[in-house]
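Contents: one structure, followed by commentary.
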Amino acid sequence: MMYVVITGASSGIGYESALAFAKRGKNLILVARRKQRLEDLKSTIAEINPKIDVVVLPADLSDTKQAHDLYERTKKYDLETWINNAGFGDFSPVAEQDLSKVENMLLLNNVAMTILSTLFVRDYSSKEGTQLINVSSDAGYTIVDNFVTYCATKFYVSAFTEGVASELQGKGENMKAKVLAPAVTETEFSYRAMGRGISDFPHSRTPEEVAQFMLDLYDSDKVIGIVDETNQFKLKDSFYPYIKKV
Ligand code: NAP
């Protein structure tokens with residue numbers, strides 16, 4: 001009984017990715033703050049495939065202690081893949097940022113992601129078939145006006161995960177580390193980032209499409225799966241230069 005952990009599974013990309021992995025018969029550990037949403041998703045998955053075990057672990061991952069506690073709670077399960085998807089953005093010029101929102105964003109997008117990645121790599125890197133997938137963004141490779149701090153959090157996700165991928169490969173470990181970098185996607189993200197929908201954006205993807213990109217990345221040997229400036233999904237090798245220890 002091996003499990004795929006998905007943080008931020010109560011809506012959007014994480015929710016649809018949980019359904020996509022469920023259709024493949026994967027047992028799941030679902031994480032987010034909204035417990036009822038996760039319980040409802042568990043019921044939906046039971047209708048799709050009653051043989052799958054779905055574990056609901058509510059947590060506020062902006063709280064560092066809860067991030068550590070979450071990992072402890074997963075220790076009784078045998079894990080195959082860990083997907084750090086939970087994240088949010090803030091759309092405002094730097095001088096006008098709400099610093100309490102920004103602090104929570106850094107704690108979720110970067111601190112929790114680093115803690116959970118580190119603990120998973122520490123325990124599972126030698127295990128065949130394991131994967132760490134961290135959800136960055138096209139904004140993890142390009143700086144966007146009025147989105148500077150969010151972009152910087154996603155540059156961190158991309159650089160950290162690409163670095164982990166190189167380090168694992170250099171050590172001959174079995175685990176693969178990968179970056180999913182979606183572009184504009186029709187989820188709750190824009191409401192939290194800028195208080196409105198994305199109907200005025202020239203193009204976007206549905207979370208169902210991005211969940212399929214997640215599976216495509218999961219199935220591939222590439223490090224990056226990115227929705228590029230033409231709104232196409234591409235699988236790529238690492239982007240950031242990497243210097244091996246001499
Ligand atoms: P979403 O619909 O807002 O989903 C975000 C998920 O993160 C929700 O399940 C939310 O659940 C969870 N979450 C938020 N704060 C949390 C916290 N403190 N602790 C635990 N879970 C928390 O947005 P989405 O678009 O699917 O976002 C998923 C990822 O894709 C994010 O990392 C985002 O940066 C990235 N992304 C999104 C877009 C886009 O345009 N939508 C583009 C590129 C990258 P609760 O509220 O229940 O906790």
Side-chain angles (χ1 to χ4, degrees), residues 5-20 28-41 56-71 83-91 100-113 115-117 133-142 144 147 149-158 160-161 179-211 213-214 217 224-229 231 233:
V5 181
I6 304 178
T7 72
S10 63
S11 71
I13 294 166
Y15 182 98
E16 293 299 335
S17 296
L19 286 175
L28 291 163
I29 298 176
L30 307 177
V31 183
R33 293 168 302 178
R34 289 171 290 182
K35 184 177 178 212
Q36 191 53 52
R37 291 258 197 129
L38 298 179
E39 295 290 356
D40 292 346
L41 175 55
V56 167
L57 297 181
D60 182 347
L61 297 176
S62 288
D63 177 344
T64 302
K65 183 177 177 310
Q66 289 192 42
H68 281 283
D69 287 349
L70 167 67
Y71 193 79
I83 301 173
N84 286 307
N85 163 74
F88 72 92
D90 178 49
F91 191 76
S100 72
K101 186 178 178 186
V102 164
E103 280 176 36
N104 276 328
M105 182 172 69
L106 292 164
L107 286 166
L108 178 63
N109 295 10
N110 298 142
V111 177
M113 189 278 306
I115 290 167
L116 295 169
S117 297
I133 302 178
N134 288 330
V135 178
S136 177
S137 171
D138 62 339
Y141 293 93
T142 307
V144 181
F147 231 180
T149 311
Y150 171 70
C151 291
T153 72
K154 292 300 184 177
F155 272 67
Y156 179 96
V157 175
S158 299
F160 173 80
T161 312
V179 183
L180 182 72
V184 179
T185 310
E186 297 150 25
T187 67
E188 295 176 9
F189 176 87
S190 66
Y191 294 93
R192 196 165 178 200
M194 51 187 192
R196 63 176 175 86
I198 51 165
S199 54
D200 56 331
F201 279 64
H203 45 60
S204 61
R205 291 288 194 164
T206 65
E208 291 86 346
E209 288 174 317
V210 177
F213 302 153
M214 176 80 81
L217 177 64
I224 303 171
I226 188 164
V227 177
D228 69 10
E229 61 285 357
N231 207 26
F233 181 67

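Heavy atoms only: backbone and side chains are in, while hydrogens, waters and symmetry mates are out. In each ligand, atom 1 is the first atom listed, and ligand 1 is the first ligand listed.
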request  = Could you name the protein residues that come within less than 4.0 Å of ligand 1, counting only heavy atoms, and order them by chain and residue number?
outcome  = G8, A9, S10, S11, G12, I13, A32, R33, R34, A59, D60, L61, S62, N85, A86, G87, L108, V135, S136, S137, Y150, K154, P182, A183, V184, T185, T187, E188, F189, R192

inquiry  = Can you confirm whether or not the ring centre of F189 sits under 6.0 Å from the ring centre of Y150?
reply    = yes

request  = Spell out, as yes or no, whether a donor-acceptor pair under 3.5 Å connects the side chain of S62 to the backbone of N104.
outcome  = yes

ask   = Hey, are E188 and R196 close enough for a salt bridge, meaning a charged N less than 4.0 Å from a carboxylate O?
value = no

key: Residues that D63 engages under salt bridge (charged side-chain N to carboxylate O under 4.0 Å, His left out), provided they are two or more places apart   = none

message = One thing to verify: whether E16 and R205 come together as a salt bridge, which I'm taking to mean a side-chain N less than 4.0 angstrom from a carboxylate O.
response = no

task = Tell me yes or no: between the side chains of T206 and E186, is some donor less than 3.5 Å from an acceptor?
result = no

